[in-house]
Number of protein chains: 2
Amino acid sequence: MDAIDKVILSELIRDGRVSFRDLAERVRLSPTATAERVRKLQESGIISGFRAEVDMAALGRPLKAFIDVRLRPGPDHAELEAALLTLPAVLSGAHVTGRWDYTLTVACRDVAELDEVVMALPGSYGVVETNTRLLLRELAGSGAEALTRLLG
Amino acid sequence: MDAIDKVILSELIRDGRVSFRDLAERVRLSPTATAERVRKLQESGIISGFRAEVDMAALGRPLKAFIDVRLRPGPDHAELEAALLTLPAVLSGAHVTGRWDYTLTVACRDVAELDEVVMALPGSYGVVETNTRLLLRELAGSGAEALTRLLG
DNA sequence: GTTGAAAGAGCCATTAG
DNA sequence: CTAATGGCTCTTTCAAC
């Protein structure tokens, strides 16, 4: 990935629907060559897709939290993992090192829904312990801006 | 947001560069009406942008971790927050409730770089304590798929 | 990588419901 | 207010170099 690809990538992180023509002008290449570079960035897996970014608060889910969970010992974590992601408010989850087995990220309509999710975890999902941390504020420059910085 | 908008949104989460023509065919509306609905979803803030999704591993940063940090007491957290996000590997950060003040998400080239970041935190950034948790695996269905599920 | 032409997509004014 | 249509312009794509 050369310097031109880095510019292309940061422009596509900033505006994923920019036209190849505008992108080409930005990097001083022909639209054809620019489109070909984007295609190769996708083929190589560096760009895994183009997505609309959704504001959960605007969608009526303003309450974000991390829920750390510890599962009961046993080799049956595969089904438990699948079940965790079927919970209505769960955005993502990761298996992590340390005291907790997983950290889920949830976006809830209100504290009542968060309570529901946390209360639903023990038992049917094999969860033996949880720890909930509310996201009070996401730091400015998280996400797209941070990615652009990592390219530089 | 009606049922048609939900389909539009989930299609744009799946493919943020889909043409209004194809999108219109999917929801059985004219391209004009479809484009107008997308414009309104952006105006209302539900769609906050369109972005290329970058695979950090393909970019040479396969090692993800959460770094929980506790800052020294004091009212000067604003500059400390800004400083945290200037660290090279930091993707995002959030102010959270509980034992830790912030949780950062980082993507590193290798353990050596992760060590650098963790070692750099105490002192110049006002960090008095950290806890690092490696992301061993992100659960299948995290991200775009989860968002689509939340709409249903 | 570039060019140029054909096919495809977006945009806007107009009209209808 | 929301949607469809037609015509014009801009963009993407593909062959040839």
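In what follows, every chain begins at residue 1, and chains take the letters A, B, ... in the order their sequences are listed.
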Next item on the list: Answer yes or no on whether B/Arg39 is positioned over the face of B/Phe20, meaning its NZ or CZ is under 6.0 Å from the six-membered ring centre and within 45° of the axis.
Entry: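 No, B/Arg39 does not lie over the aromatic ring of B/Phe20.
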From the list [options], which nucleotide is the closest neighbour of the side chain of [X]?
| X | options | value |
| --- | --- | --- |
| B/Arg17 | D/dA4, C/dT2, D/dT12 | D/dT12 |
| A/Ser19 | C/dC11, D/dA3, D/dT12 | D/dT12 |
| A/Ala35 | D/dA3, D/dT12, D/dT13 | D/dT13 |
| A/Phe20 | D/dA4, C/dT3, D/dT13 | D/dT13 |

Notebook entry, point to check: Has B/Arg37 got a side-chain N or O lying under 4.0 Å from the OP1 or OP2 atom of D/dA3?
Noted result: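 The answer is yes; a side-chain N or O of B/Arg37 sits under 4.0 Å from OP1 or OP2.
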Next item on the list: For the pair B/Glu113 (side chain) and B/Arg109 (backbone), establish whether a donor and an acceptor sit closer than 3.5 Å, ignoring hydrogens and angles.
Entry: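 Yes; at least one donor-acceptor contact below 3.5 Å.
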Margin query: Checking B/Thr103 against A/Arg133: is there a side-chain donor and acceptor pair closer than 3.5 Å?
Written below: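 A pair is found: one side chain offers a donor N or O, the other an acceptor, under 3.5 Å apart.
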Next item on the list: Could you tell me whether the side chain of B/Asn131 reaches within less than 4.5 Å of the side chain of B/Ile67, counting heavy atoms only?
Entry: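 The answer is no, as the side chains (C-beta and beyond) never meet within the 4.5 Å cut-off.
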Once you round it to whole Å, what is the distance between [atom2] of [N] and [atom1] of [X]?
| X | N | atom1 | atom2 | answer |
| --- | --- | --- | --- | --- |
| B/Asp2 | D/dT2 | CG | P | 10 Å |
| B/Phe50 | C/dG10 | CZ | C1' | 14 Å |
| B/Asp22 | C/dA7 | CG | C1' | 14 Å |
| A/Leu29 | D/dT13 | CG | P | 16 Å |
| B/Lys40 | D/dC1 | NZ | C1' | 7 Å |
| A/Glu25 | D/dT11 | CD | P | 9 Å |
| B/Ile4 | D/dT2 | CD1 | C1' | 11 Å |

Next item on the list: Answer yes or no: side-chain N or O of A/Thr32 and base N or O of D/dC14 forming a donor-acceptor pair under 3.5 Å.
Entry: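 A donor-acceptor contact between them is present.
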Note to self: At less than 3.5 Å, do the side-chain atoms of B/Arg21 and the base atoms of C/dG8 form a donor-acceptor pair?
What the structure shows: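 Under the 3.5 Å cut-off, the side chain and the base do not form any donor-acceptor pair.
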